[in-house]
There are 2 protein chains.
Amino acid sequence: MLTIGKLGDAAGVKVPTIRYYEQIGLLPEAERSAGNQRLYGCKALERLAFIRHARDLGFTLEAIRDLLSLSDNPDQSCAAADAIARSQLVEVESRLARLTALKSELERMVVQCAGGKIADCRVIEVLGDHSLCATDHRHPEAEARQ
Amino acid sequence: MLTIGKLGDAAGVKVPTIRYYEQIGLLPEAERSAGNQRLYGCKALERLAFIRHARDLGFTLEAIRDLLSLSDNPDQSCAAADAIARSQLVEVESRLARLTALKSELERMVVQCAGGKIADCRVIEVLGDHSLCATDHRHPEAEARQ
DNA sequence: CTTGAAGCTATAGTTGCTAGAGACATTAGA
DNA sequence: TCTAATGTCTCTAGCAACTATAGCTTCAAG
Ligand SMILES: [Zn+2]
Ligand SMILES: [Zn+2]
Ligand SMILES: [Zn+2]
Ligand SMILES: [Zn+2]
């Protein structure tokens, strides 16, 4: 059995984060020691590693919640899980497209500035006027966090 | 003079967002009409458009605050503004690198799944085990939002 | 003159944590 | 065995950058 600190070390997750996951129901309530400290077995470690890895791949906690509940009954079809992954892929692709546009606009700004006074600064100038941009990089929709 | 709604339409910013920007001091307190409604001139519109454009390019409100105060005294050197833009570029490049890795891992997962039961689902399997990944896509550091 | 849209303030919620306070538990060294 | 240093407990508040709601007032069109 692992204490919360050991579990965190093993899974690469900070202690308050583990407690947070328990609080929102992503991890089941842990067993407790005689002194009321949480104790975890290897099932909990696996579950936490799953969460951690999915977070690293950019899935939201809501998506992870669904993935976990899917993985809890292994006889079902995996279509739903695959759909979640595919939609995460679409999300990542759209962010990638936008970031690529941002990068090129930022590069243009930085390269074009001759480095004089603010009044002549290309960075300030472009920020004030999107028509100076080469691409349409604007926020297409509310973009997810991470 | 524009009301807050017209200003928002003109700049592509929602009304509550404008009030929020005023609240946090990014926009100066607006003049008010006899009936206590905010009124804006074209200086405010320019400032808001600047904020909006910088947000679209991924700058944080803190960076934008600095950029605005720089642009308020045009005789200074633009080195500080350029530095902010360059550091934003570095930030975007690092996010781009990570998203690229995520994309390839997600593609691998999705492609490799034959689509049977959860027990055999490659998506679930990979999520549970990072050693099945081809790249090291893990969160290098706390990554900014947007 | 009435009605509906737009504006006002203030507060709370979102996501995914992170930080702090103050109290209890456990463990290693003297 | 005592003690000091960690580790853990709960609870609350804070972060970015908004967004939503409630309950009110003001404005513009017909
Ligand atoms: Zn410059
Ligand atoms: Zn632009
Ligand atoms: Zn599958
Ligand atoms: Zn991985």
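Letters go in sequence order (proteins before strands), and every chain restarts at 1.
- Distance B/E22 CD to C/dG7 C1': 13 Å, rounded to the nearest Å.
- Using a cut-off of 4.0 Å between Lys/Arg side-chain N and Asp/Glu carboxylate O, A/E22 and A/R38 are scored as salt-bridged.
- Note: CG (B/L27) to C1' (D/dA17) measures 14 Å, nearest angstrom.
- Distances shown here put a side-chain N or O of B/Y21 below 4.0 Å from the OP1 or OP2 atom of D/dC18.
- Distance alone, capped at 3.5 Å, is enough to place a donor-acceptor pair between the A/R98 side chain and the A/H137 backbone.
- Side chain of A/E93 to main chain of B/K103: no donor-acceptor pair is present (N/O by atom type, distance under 3.5 Å, no hydrogens or angles).
- Closest to the B/L61 side chain, of the nucleotides D/dC18, C/dC17, D/dC9, is D/dC18.
- For B/R38, whose side chain is taken as the heavy atoms from C-beta onward, the closest listed nucleotide among C/dT9, D/dA17, D/dT8 is C/dT9.
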Polar atoms only, N or O, under 3.5 Å: list the protein pairs with nucleotides 26-30 of chain D and their distances.
residue: D/dC27; atom: OP1; partner: B/G35; partner atom: N; Å: 3.2

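- Remark: P of D/dT10 and CD of A/E29 are 10 Å apart, rounded to the nearest angstrom.
- Atom CD1 in B/I24 sits about 13 Å away from atom P in D/dT19, given to the nearest Å.
- For the pair A/G5 and B/Y20, nearest-nucleotide mapping onto DNA chain D gives the more 5' position to A/G5.
- Distances shorter than 4.0 Å separate some side-chain N or O of B/R32 from OP1 or OP2 on C/dT9.
- Rounded to whole Å, the distance from CD1 on B/I18 to C1' on D/dC18 is 13 Å.
- Phosphate contact (OP1/OP2 of C/dG16, side-chain N/O of A/T17, threshold under 4.0 Å): absent.
- Rounded to an integer number of Å, the gap from A/L26 CG to C/dC17 C1' is 13 Å.
- Atom CD in A/Q23 sits roughly 10 Å away from atom C1' in D/dC11 (whole-Å rounding).
- Comment: A/R122 engages A/E125 in a salt bridge, judged by a side-chain N to carboxylate O separation of less than 4.0 angstrom.
- In summary, the side chains of A/T135 and A/E105 do present a donor paired with an acceptor at a separation below 3.5 Å, with no hydrogens or angles considered.
- Phosphate contact (OP1/OP2 of C/dT9, side-chain N/O of B/R19, threshold under 4.0 Å): absent.
- Here the CZ-CD1 distance, from B/R52 to B/I64, works out to 11.0 Å after rounding to the nearest 0.5 Å.
- In this structure, B/R52 atom CZ and D/dA17 atom P are separated by 15 Å, rounded to whole Å.
- Proximity of A/K14 to the phosphate of C/dT18: a side-chain N or O atom is located under 4.0 Å from OP1 or OP2.
- Taking NZ of A/K117 as the start and CG of B/N73 as the end, the distance is 12.0 Å to the nearest 0.5 Å.
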